[in-house]
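I have placed the structure first, in the form of structure tokens, so that the comments after it can refer back to it.
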Amino acid sequence: MSELEISIVVPVLNELESLPHLHEQLTDVLRDVGKSYEIIIVDDGSDDGSIKVVRDIVANDAAVVLIELRRRFGKSTALQAGFRVSRGDVVFTMDADLQDDPKEIPRFLEALDDDYDLVSGWKEDRKDPLGKTIPSKFFNYVTSKMSGLKLHDFNCGFKAYRREVIDDLNIYGELYRYIPVVVHAKGFRVGEIAVSHRARQFGKSKYGLERFIRGPLDLFTIMFLISFQKRPLHLFGPVGAVVGSIGLMVNAYLAVLWLQGEVIGDRPLLMLGTLMIIVGIQILVFGLLGEMIAAASYRPSDVEKLIRRINVRDEDAD
Ligand SMILES: Nc1nc2c(ncn2[C@@H]2O[C@H](COP(=O)(O)OP(=O)(O)O)[C@@H](O)[C@H]2O)c(=O)[nH]1
Ligand SMILES: [Mg+2]
């Protein structure tokens with residue numbers, strides 16, 4: 001398949017009225033930018049006729065690609081499907097609801113040129129109800145503190161990625177909220193630009209309060225994977241050692257009493273000490289099993305993804 005300069009991936013769930021405007025606004029901006037492009041609309045089982053609208057657009061514009069998923073799989077899957085199909089050197093994601101302004105695209109491209117691998121939008125002046133913006137501030141604060149990545153807005157749908165980042169990304173479940181965290185952990189440089197944000201004109205928001213319950217669990221999973229996936233014994237080892245050692249000390253104390261002639265067979269403490277030794281050993285063994293899985297899944301070529309650039313002397317230069 002031929003190479004393109006820009007891919008725009010747009011996840012869609014029931015955005016009937018917005019789609020023709022989005023297509024028009026995007027096309028205007030992208031023609032001005034003057035690079036080769038494709039617009040990939042990923043429909044996630046919309047039932048409001050969005051598909052029909054996009055099919056009509058596809059019939060008249062060779063730059064538009066429509067991906068129809070078999071059923072509704074959620075935003076992460078929609079994005080990942082768009083990423084796999086995309087061909088651009090730079091891949092954008094943006095919302096379909098016209099809240100993101102395509103006019104920001106040139107500014108994203110500039111920021112990528114400043115040597116970022118992922119540039120994330122920051123809805124500095126966010127046009128959404130307070131019930132959404134206040135919890136979101138808290139979410140961003142916690143995510144920033146836990147991940148060590150200083151962004152104001154992790155979950156903005158408007159982002160630009162270099163191809164290397166896209167090729168190395170696997171987004172599933174509800175991980176789309178933490179893409180910058182995952183990308184940063186892989187060693188890519190993640191930047192941020194403030195973008196203009198518009199109020200929703202058509203349709204309604206797809207998210208309610210449930211996102212604030214699931215969100216923290218996902219962050220926990222991610223931080224766990226980032227920190228311990230490659231060295232599980234570092235997590236399980238100390239816990240197992242502490243639990244097992246306490247058990248050993250308890251039983252050593254009982255052994256001393258036994259040597260002094262005391263009866264210890266009926267003491268609850270004996271049960272506790274023995275239990276802690278067994279559980280401690282089991283936790284250690286979990287860590288070792290984890291190490292075996294990590295060792296088996298590591299490929300020598302994995303390290304290539306960690307190389308930013310290889311500099312060699314240019315023989316033609318002299
Ligand atoms: N493919 C897909 N797109 C979704 C889903 N949920 C939301 N979207 C799209 O993601 C974008 C942002 O959703 P929106 O409801 O506006 O979120 P908000 O701006 O945070 O309120 C819109 O383009 C939606 O159509 C989903 O489950 N699947
Ligand atoms: Mg929106």
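Start at 1 and go down the list; that is how both ligands and their atoms are numbered.
Backbone or side-chain N, O or S atoms of Ser205 do not reach the Mg ion (ligand 2) at under 2.8 Å.
Counting atoms of ligand 1 from 1 in the listed order, those under 4.0 Å from a heavy atom of Glu15 are 22 (C), 23 (O), 24 (C), 25 (O). In summary, the atoms of ligand 1 found under 4.0 Å from a heavy atom of Gln99, numbered by their order in the structure, are 16 (O), 19 (O). Of all atoms in ligand 1, listed by their number and element, those nearer than 4.0 Å to a heavy atom of Lys75 are 10 (O), 11 (C), 12 (C), 26 (C), 27 (O), 28 (N). Close contacts of ligand 1 with Asp44, meaning ligand atoms under 4.0 Å from a residue heavy atom, involve 1 (N), 2 (C), 26 (C), 27 (O), 28 (N). If you number the atoms of ligand 1 from 1 as listed, the ones under 4.0 Å from a heavy atom of Ala78 come out as 1 (N).
When distances from the Mg ion (ligand 2) to the N, O or S atoms of Asp97 are compared, OD2 comes out shortest.
Contact between Arg200 and ligand 1 is present, with at least one heavy atom of the residue lying under 4.0 Å from the ligand. Residue contacts with ligand 1 do not include Gly157, since none of its heavy atoms lies under 4.0 Å from the ligand.
Using modelled atom types and a 3.5 Å distance limit, the side chains of Glu15 and Ser50 yield no donor-acceptor pair.
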Query raised in the report: Step by step, would you call Thr143 with Asn140 a side-chain hydrogen bond (donor to acceptor under 3.5 Å, both in side chains)?
Result: CA-CA 5 Å; Thr143 309; Asn140 283 311; 5.5 Å; no
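Taking all heavy atoms of Lys206, Arg72, Lys132 into account, the minimum distance to atom 21 (O) of ligand 1 is reached by Lys132. Considering each of Leu22, Thr93, Asp95, the one bringing a non-hydrogen atom nearest atom 11 (C) of ligand 1 is Asp95.
Environment of CZ in Arg198: crowded, with over 12 heavy atoms of neighbouring residues, nucleotides or ligands closer than 6.0 Å. For Phe286, the CZ atom is loosely surrounded, since the number of other residues' heavy atoms within 6.0 Å does not exceed 12. In Tyr141, the OH atom is not crowded: 12 or fewer heavy atoms of neighbouring residues, nucleotides or ligands sit closer than 6.0 Å. No more than 12 heavy-atom neighbours from other residues, nucleotides or ligands sit within 6.0 angstrom of NZ on Lys103.
For the salt bridge (charged side-chain N to carboxylate O under 4.0 Å, His left out) with Asp117, the lone residue among Arg163, Arg189, Arg309, Lys305 that qualifies is Arg189.
Of the heavy atoms in Ala96, both backbone and side-chain atoms come closer than 4.0 Å to ligand 1.
Distance CG/Leu112 to CG/Asp89: 11.0 Å, rounded to 0.5 Å.
The distance between the ring centers of Phe158 and His197 does not fall below 6.0 angstrom.
Looking at Asp43 next to ligand 1, no N or O pair under 3.5 Å apart turns up.
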